[in-house]
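Please read the structure below before turning to the comments.
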There are 2 protein chains.
Amino acid sequence: MVYTRHVKAQRSNSRNEALLEAAAHRFAVQGFRATSMRDIARAVGMLPGSIYYHFPSKDDLLLAIYQAGVEQITAEFEAAVEPLDDPWDQLEAGMAALVLAVTEESAYTRVIFKVMPDEVPKHRKKLVAFRDLFEANIRDLVERLPLQPWVDKHLLRLMILGAGNHAQLWFSAEGDYSADEIGRAFSRYLKDSVSK
Amino acid sequence: MVYTRHVKAQRSNSRNEALLEAAAHRFAVQGFRATSMRDIARAVGMLPGSIYYHFPSKDDLLLAIYQAGVEQITAEFEAAVEPLDDPWDQLEAGMAALVLAVTEESAYTRVIFKVMPDEVPKHRKKLVAFRDLFEANIRDLVERLPLQPWVDKHLLRLMILGAGNHAQLWFSAEGDYSADEIGRAFSRYLKDSVSK
DNA sequence: TGACTAACCAAACAAATGTTTGGTTTACTA
DNA sequence: TAGTAAACCAAACATTTGTTTGGTTAGTCA
């Protein structure tokens, strides 16, 4: 019984991940509504109805992707920031990690910035909560910066997020800039203005 | 004959604008795909099929909105920037105009930043062209800034656009900031860093 | 008045959508 | 080897979608 469950979990996880990967890729490229269950099924080589053996609905598919995406980007973000001591070095590394997350090949993180919570009313609150979970990292990062007194930390955080988020629209893997270059450039464009 | 056409144009324009206004509002709030022709029809008080007397398709509706939006935002942008002499004052006013455009009540301009060209393959090229038409204004604005030699004008322009664009996601009309405040704050956060 | 047309209605259509249902295969276990 | 359950197929279902078609109304013009 227990052993049987273990085997099931293993098998299920294998196809589960393939499904999540394929769905995430489509969601990141085409968006949520423009991606049909038939698209996803075709990508993993099964029939549309078969997806419902693994996930109860399309909405829940996105929810799972959101969760995986937040876990991944948070891990990447912390790995890039925590080793550094200087807050401005942290900003530089953090923005680089952000731009990387919205442009990298792995689609889980990209979905978070491509698909907005309003598109899935059923899970809107949960999706917002997931986003907040990540954005708290940026909030903390800004909080540690020694800023001029006239700088609004709230607005600065939203500016950082917006600049990074927007990169997904124009970033090209074969382009002139790497995600790292972009993130670090953005942080340089801010530092001397707002720094104390 | 000519007179008849004139009358037709007048009448048609009246309902035409009502349709565009309603469609733009829905597109700006819910997005393109999430808005059905039935939604739009209900908003203007007619049946879905009747829309096709005024516009040949849903895609063409968006195209017309895009055009109107670009004309409006370009006009607003130039009206805000041209009277000013100092390039940095122009940046401040330009970013304020940008944030206003993505958040203001009139929905035409908001649609441009909400609905991406890829969502309407039929008119993708034309939509991109319309966007470029506006973005050229920001390009010119950045071009006039006296910048440090290490500043990449291309990246700076995209950062400005991203920060402004992103405001549509969190701006609240009853919130703590006006569109003007936000835009001017953003420009301040950049100026001293990149200025020569 | 009578013809004409702009503007709309009423109803349907074909296609695509998310999802359900019942059956079938495959592999492991007792 | 018989049985069990995971994993999937095959086919349909109900709904929503953009759109079309033929008819109707109201106002204009000669």
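Each chain gets a letter, A, B and so on, in the order the sequences are listed, and its residues count up from 1.
Note: CE (B/M37) to P (D/dT20) measures 10 Å, nearest angstrom. Atom-to-atom, CD of B/Q30 to P of D/dT17 comes out at 10 Å; the value is rounded to the nearest Å. Computed from coordinates, the B/I40 CD1 to D/dT17 P distance equals 11 Å when rounded to whole Å. Atom CZ of B/F32 is separated from atom P of D/dT17 by 13 Å (rounded to the nearest Å). Rounded to whole angstrom, the span from the NZ atom of A/K58 across to the P atom of C/dT17 amounts to 8 Å. Remark: P of D/dT17 and CZ of B/R26 are 12 Å apart, rounded to the nearest angstrom. One interatomic measurement links the two molecules: OH of B/Y52 to C1' of D/dG22, which rounds to 17 Å at whole-angstrom precision. Rounded to whole angstrom, the span from the CD atom of A/E119 across to the C1' atom of C/dG18 amounts to 16 Å.
In A/R144, the CZ atom is crowded: over 12 heavy atoms of neighbouring residues, nucleotides or ligands sit closer than 6.0 Å.
Classified by interplanar angle (parallel below 30°, tilted 30° to 60°, perpendicular above 60°), the ring pair B/F77/B/F134 is perpendicular.
For the atom pair CE of B/M116 and NZ of A/K114, the computed distance is 8.0 Å after rounding to the nearest 0.5 Å.
Sorted by first and then second residue, the ring-ring contact (aromatic ring centres under 6.0 Å, His included) pairs involving residues 171-196 of chain B (not counting sequence neighbours) are A/H154-B/Y177.
With hydrogens and angles left out, the side-chain atoms of B/E104 and B/T109 include a donor and acceptor closer than 3.5 Å. The closest side-chain donor-acceptor pair between A/R110 and A/Q168, if any, does not fall under 3.5 angstrom.
Residues A/P56 and B/R33 each lie close to DNA chain C; by heavy-atom proximity, the contact nearer the 5' end of the strand is made by B/R33.
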Heavy-atom protein contacts under 4.0 Å, nucleotides 8-13 of chain D, coded B base, S sugar-phosphate only, - none: SBB-B-

